[in-house]
Amino acid sequence: MLTIYFLGSEYYGRDLIATNEVRSDNTFSNGNSGRFTTQSQFQYNANTGFIWEDVYELLANVNIIINTDLSTLEGDLDYGAHIQGQAMVLRALGHFDLLRTYGQQHAGGGSLGVPIVTTFKGEDLFPSVNSIDEVKQAIYTDLETAFGMMDSSYDSSKIFVSKYVAKALEARVAVYFGDWSRAVSASEAVINSGLYSVIGADAYVSSWATEGGTNVMFELAFSTADNLGPNALSYIYRYPGDEPGGYGDVQVLPEVLDIYDAGDVRLDIFGYQDGGSALRNIGKYPDTNNGSDNIPLFRYEEVILNYAEALLETGGDAVTQMNLIANNRNATPYTSVTKGDILNERRRELIFEGFRFDDLMRTGQSAVAVGSVGNTVSTLSYPNNLFAWSIPLSEMNANSNMVQNDGY
Amino acid sequence: MKINKYIMLFAASAVLLASSCTTEDLDPTLAQSKSVDGSVTRVDNLYSILKGAHNILSRLRILRERLDCDQ
């Protein structure tokens, strides 16, 4: 028997973020280590692994928590309810990640979402696919229930889901689906909590090497003890040194710099390597040697941008919210705001964090398959079957109720 | 006699190869076959499971390929 071990950083550790970056107009894969070229060129198929197993394992875990009868337990039952709320937020996040990855909402008329799984060991081992709308409603229900169960006095660390992350995620999902009134109210709940603030220009770059900033709502914990090495998110974004060495597959498209004002502090997260020929993310997740920087999944700045967009769509004052971002980045303040302004501001603020592909999708834009030297391979018009990832072959083989997405 | 020895050796190898490649290893082992009944008795147990759930979001996944026999 021959056993081979190999390592991969899946889900939010690297793959989900990097995949959605290279599928956008922010970055591409240069293929230096052979990673993410398939995603950058939209060449994946049913054998191309991704987050399916990780997310359903997450759902299995949190379902144990959610379905536990608290009255049978010893200990602080109010805290138990809070933990159940945290688990519901994670279940909502998992279902949303599955839906935005595998759902057919951008694939040309299909209505299939993903299976909703709410039990650890249910009667049905072969779950059927739920519709996009059913999954969306399940997400909202979980988030509303979670918010009602959680007590923010139990929130002591940003490396765990907290009460207002439920509202931040609700706003994110609502913006994705264009449920603007819900996005307004969910964003306002976060803002009115007074618990968070936009990071200032002076601290913007350094905040990426700092844990638990005032702008961070929820971040994944990493430390030198994790010793991620080449499997870290940072290692796929850049070489450890200036000269070629290591991975550094995810390279920035040069025209991205053109979307920033000259004095914008966010320009400082960009840098050149490889003798000045390769533009890269230098400042976000800066520890390339160990990958020890925490990875923020929910930042207050995203909530503000969600709020601004929802206000624009509902006739409110988006300018004030947009200037909360611009004024804290040394960028030109807004006197008026368009939808394009908001999408560009999101791109400037959230670059390298995996948001851009979804922004392109939810606004019905095409995507470009980019080759390893930054060349355009093809343009994928919207909608497109390749905008929904294929259901893994292992799932298709194991579950007779599963339906493969069109085109695979 | 020498030919018979080779035939016997070949037959023995074939038997060993065939027996080591049963379909038993191909049967799926569902993680869901595990039972959690009675394993959660305290709120602290929920917290431990929650920590594990957070680890799934961020962990370095160790993938293992078992090649029990050649194609």
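These numbers come from a predicted model, not from an experiment. Atoms considered below: every heavy atom in the structure, side chains included; atoms not considered: hydrogens, waters and symmetry mates. Numbered from 1 within each chain, the chains take letters A, B, ... in sequence-line order.
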**Heavy-atom pair count under 4.5 Å with chain B, highest-scoring of A/Ile51, A/Leu73, A/Ile83** = A/Leu73
**Request:** Give the member of A/Asp76, A/Val62, A/Ile295 that has the highest number of heavy-atom pairs under 4.5 Å with chain B.
**Result:** A/Asp76
**Message:** Show me the pairs that pass salt bridge (Lys or Arg N to Asp or Glu O under 4.0 Å) and involve residues 41-57 of chain B, at least two apart or across chains.
**Reply:** A/Glu74-B/Arg42, B/Arg42-B/Asp44
**Request:** Against chain B, label A/Ile65 side chain, backbone, both or neither, depending on which of its atoms sit under 4.5 Å from a heavy atom there.
**Result:** both
**Item:** Segment of A/Thr68 engaging chain B (4.5 angstrom heavy-atom cut-off)
**Value:** side chain
**Separation between CG of A/Asn61 and NE2 of B/His54, rounded to the nearest 0.5 Å** = 11.5 Å
**Message:** Would you compute the distance between atom OG of B/Ser58 and atom OH of A/Tyr11 and round it to the nearest 0.5 angstrom?
**Reply:** 11.0 Å
**Message:** Taking side-chain contact (heavy atoms from CB on, under 4.5 Å) as the criterion, tell me which of B/Asn45, B/Leu46, B/Ile49 meets it with A/Ile64.
**Reply:** B/Ile49
**Asked** What residues of residues 145-161 of chain A sit under 4.5 Å from chain B when you count only heavy atoms?
**Response** A/Ile159, A/Phe160, A/Val161
**Message:** Using 30° and 60° as the class boundaries, would you call the ring planes of A/Tyr79 and B/Tyr47 parallel, tilted or perpendicular?
**Reply:** tilted
**Message:** Can you confirm whether A/Val55 sits close enough to B/Ile56 that some side-chain heavy atom of one is under 4.5 Å from a side-chain heavy atom of the other?
**Reply:** no
**Message:** A side-chain contact here means heavy atoms from C-beta on lying under 4.5 Å apart; do A/Phe218 and B/Leu57 qualify?
**Reply:** yes
**Request:** Please report the closest heavy-atom contact between B/Ala53 and A/Leu58, naming both atoms and the distance.
**Result:** O-CD1, 3.4 Å
